[in-house]
Every structure is written in structure tokens, then in C-alpha cells.
Amino acid sequence: TNQGIQVLDIYTAIMAQCGPVPFADDGPNKCKLCAPHCKALTVHYTGAGYHFIAGHVVAALNSTLFDIHAESPTNRTY
């Protein structure tokens, strides 16, 4: 980003996994993370939803830490 602050876009990942809003509790577009409770939830507060979101957060943190480590002066070879 232009301010040096990284942003993790969870919304796009959830939309790709769950389909368009309103999320479907059944049928061919059934949400994989919150069905059959989509109508009761405003976000994915199921175990599967938390696991899905946590996986994206962990991947982003690992990527950031790898980038920081790679840029460290102690890792440079001369």
C-alpha cells in the first residue's frame, strides 16, 4: 500500500468460497462454510468459517515474515 500498511482481503476469499450474498442454506449454491445457518449468521461464525479465515491470516503472516526475513541485513550475502 502507499502507507506501508498491508491489508488482508478476507471478503474476496469468503465470496469465492461461499458465493454471492445472500448466502444459500441449501441447493446448488449452498455455502460450504455456514450452511445450514447462513440466514442466522452475519458472518461465518462456524468452526469451518473460522478455520478458513485463520488459514488466510496465517498464510499472509507467513508471507510477511518471510519478506521481512529476506530483507534482513543479516541474510544478505556479499
- Task: Treating Ile, Leu, Val, Met, Phe, Trp and Tyr as nodes and any side-chain heavy-atom pair under 4.5 angstrom as an edge, say whether I53 and Y11 lie in one connected cluster.
- Result: yes
Name each donor-acceptor pair under 3.5 Å that joins a side chain in residues 12-24 to protein atoms two or more places apart or in another chain, with its distance.
from: T12; atom 1: OG1; to: D9; atom 2: OD1; distance (Å): 3.3
from: T12; atom 1: OG1; to: D9; atom 2: OD2; distance (Å): 2.4

Sorted by chain and residue number, the side chain to side chain contact (heavy atoms under 4.5 Å, CB included) partners of A60 (sequence neighbours excluded) come out as L8
